[in-house]
Protein chains: 2
Amino acid sequence: MADGVVERSRPRDRILETAQDMFHKHGIKGVGVDAITEAAGTNKMTLYRHFESKDDLIIECLRATAAKAAAIWDAFEAEHPGDKLAQLHAWVRKVSEMLTADSRGCDMANAAVELSETDHPARRVIKELKEAQRERLVSLCRDAGVGQAELLADTLSLLLEGARVSMQSVGAEGPSAQFVRMAEGLIASFRAR
Amino acid sequence: MADGVVERSRPRDRILETAQDMFHKHGIKGVGVDAITEAAGTNKMTLYRHFESKDDLIIECLRATAAKAAAIWDAFEAEHPGDKLAQLHAWVRKVSEMLTADSRGCDMANAAVELSETDHPARRVIKELKEAQRERLVSLCRDAGVGQAELLADTLSLLLEGARVSMQSVGAEGPSAQFVRMAEGLIASFRAR
DNA sequence: TCTGGAAGTTACAGACCGGTAACACCCTAG
DNA sequence: CTAGGGTGTTACCGGTCTGTAACTTCCAGA
């Protein structure tokens, strides 16, 4: 993967892409800027010409990851135009596919765990992005004609968040193996009301 | 709190207690052994006389934390002897009380996020302890007379795990605010079947 | 009172961390 | 051809990290 990134693209893009990958795999505090620049086929000075600090790089990585997630959501709309319920089911399926055994979970949630300082600049960004995702899921539920859309969206959020973190503690055979069953059951029961 | 720990008890106990507290608050990679020993009112050499390494200390802390959690479970049995359903409700209440705004979530889950190396010695301990807790919740659900006890227990697990991590990303006003409502609703609906 | 082990103190090794300075290079736009 | 900006290279700073060595102090039990 690193090699793929190294092929000709701008150093800044390579750094951003490589950093996302390495932060995801090894954690934010588990990887240094030297390792990132080396894997990106560049050097530390170039990194610091494009990013103010490691914290700044972290924030840009989180924004980029969130943008990719938003693109996946857009794909649901493209695949099932107007059919919000189908989009909700597509979300469940897509999200469950990402619950693989070697999954490292949600980058934003992991970052919140690692960056325990309450005034860390990344924390407000994490909160913003997570709130935006929540809002999007709520309106998807609402537009799908579900009563108590907020409660369903929040329940699905917690289930997913829990599945992603449970995967990392006990693996894929743990409680997260039942995620699809739980989510589909919830949607059905909320629709039945 | 540190001062309370410093008062006369054995250095090993003070180190263990202080390390649990500091790992919980600042994360494992966010605190060094020097800081731990200083807060525990002792010194680094004494720490390394009682623990082989920082990794060893981490593992002992996780075991101690799990033992405290097990003691809380035992209290449910003492408060509602024989009444498993009451114990399940007590679990929901107790667990929700721990979802405070400044909560840092589950130490084991957080450790799994921080210690991304798949062969880290703490990972197998985390898996063991989490599986034991899962087993305990499953049998509580089963003995409470709930059909599909495994599914209910796993769903409650994921909800709780999700609530604890969501709290750290978006705070107490996020989806985790609805935890009790979700959990009680689930229990009721599983019992109704 | 003597003694042995636990605990404290100081200093250090070796590695890694984020971040910067100074300078050489290359490639493209004019 | 030339000028200049983006990039690469090397060396360095000060700090922090885990872990160890050598030595001193303290205290409880015989």
Item to check | B:L88 side chain reached by B:L137 side chain, heavy atoms, under 4.5 Å | outcome: yes
Next on the checklist: Judged by each residue's nearest nucleotide on DNA chain C, which is more toward the 5′ side, A:S53 or B:R10?
Outcome noted: B:R10
Checklist entry - Counting only side-chain N and O atoms of A:T46, is one of them less than 4.0 Å from OP1 or OP2 of D:dT7? => result no
Next on the checklist: Please find the pair of heavy atoms, one from B:F190 and one from B:G147, that lie closest to each other, and give the distance.
Outcome noted: CD2-O, 3.6 Å
Checklist entry - What is the distance from CG of B:L47 to C1' of D:dC17, rounded to the nearest Å? => result 14 Å
Checklist entry - Roughly how many Å is it from CZ in A:R14 to C1' in D:dG6, rounded to a whole number? => result 12 Å
Checklist outcome for this item: Paired with B:K84, the side chain to side chain contact (heavy atoms under 4.5 Å, CB included) test is passed by just one of B:H89, B:R142, B:E77, namely B:E77
Checklist entry - In whole angstroms, how far is the P atom of C:dC17 from the CD1 atom of A:I28? => result 15 Å
Item to check | Interatomic distance where OH belongs to B:Y48 and C1' belongs to C:dA11 [whole Å] | outcome: 16 Å
Checklist entry - Is the number of heavy atoms from other residues, nucleotides or ligands under 6.0 Å of B:E52 CD greater than 12? => result no
Next on the checklist: Is there, by distance only and without an angle test, a donor paired with an acceptor across the side chain of B:R49 and the base of C:dG8 below 3.5 Å?
Outcome noted: yes
Checklist entry - Starting at CZ of A:R12 and ending at P of D:dG8, how long is that distance when rounded to a whole Å? => result 15 Å
Checklist entry - Using 30° and 60° as the class limits, which term best fits the ring planes of A:W91 and A:F179: parallel, tilted or perpendicular? => result perpendicular
Next on the checklist: On the nucleotide C:dA7, are OP1 or OP2 found under 4.0 Å from the side-chain N or O atoms that B:H50 carries?
Outcome noted: yes
Checklist entry - Taking for each residue the nucleotide of DNA chain D with the nearest heavy atom, is it A:M45 or B:D55 whose nucleotide lies nearer the 5' end? => result A:M45
Item to check | Nearest-0.5 Å distance that lies between atom CD in A:E17 and atom SG in A:C61 | outcome: 9.0 Å
Next on the checklist: Using only modelled atom types and a 3.5 angstrom limit, is any donor from either the side chain of B:K44 or the base of D:dG19 paired with an acceptor on the other?
Outcome noted: yes
Item to check | Atom pair distance, as rounded to whole Å: CG in A:D34 and P in D:dG8 | outcome: 14 Å
Checklist entry - Given atom CD of B:E38 and atom P of C:dG8, what is their separation to the nearest angstrom? => result 13 Å
Item to check | Interatomic distance where CD1 belongs to A:I36 and P belongs to C:dC17 [whole Å] | outcome: 10 Å
Checklist entry - Are the side chains of A:E161 and A:K130 in touch, meaning some heavy atoms are under 4.5 Å apart? => result yes
Checklist outcome for this item: Students should find that the end-to-end axis angle of the helix from C:dT1-D:dA30 to C:dG30-D:dC1, with five pairs defining each axis and rounding to 10 degrees, is 10°
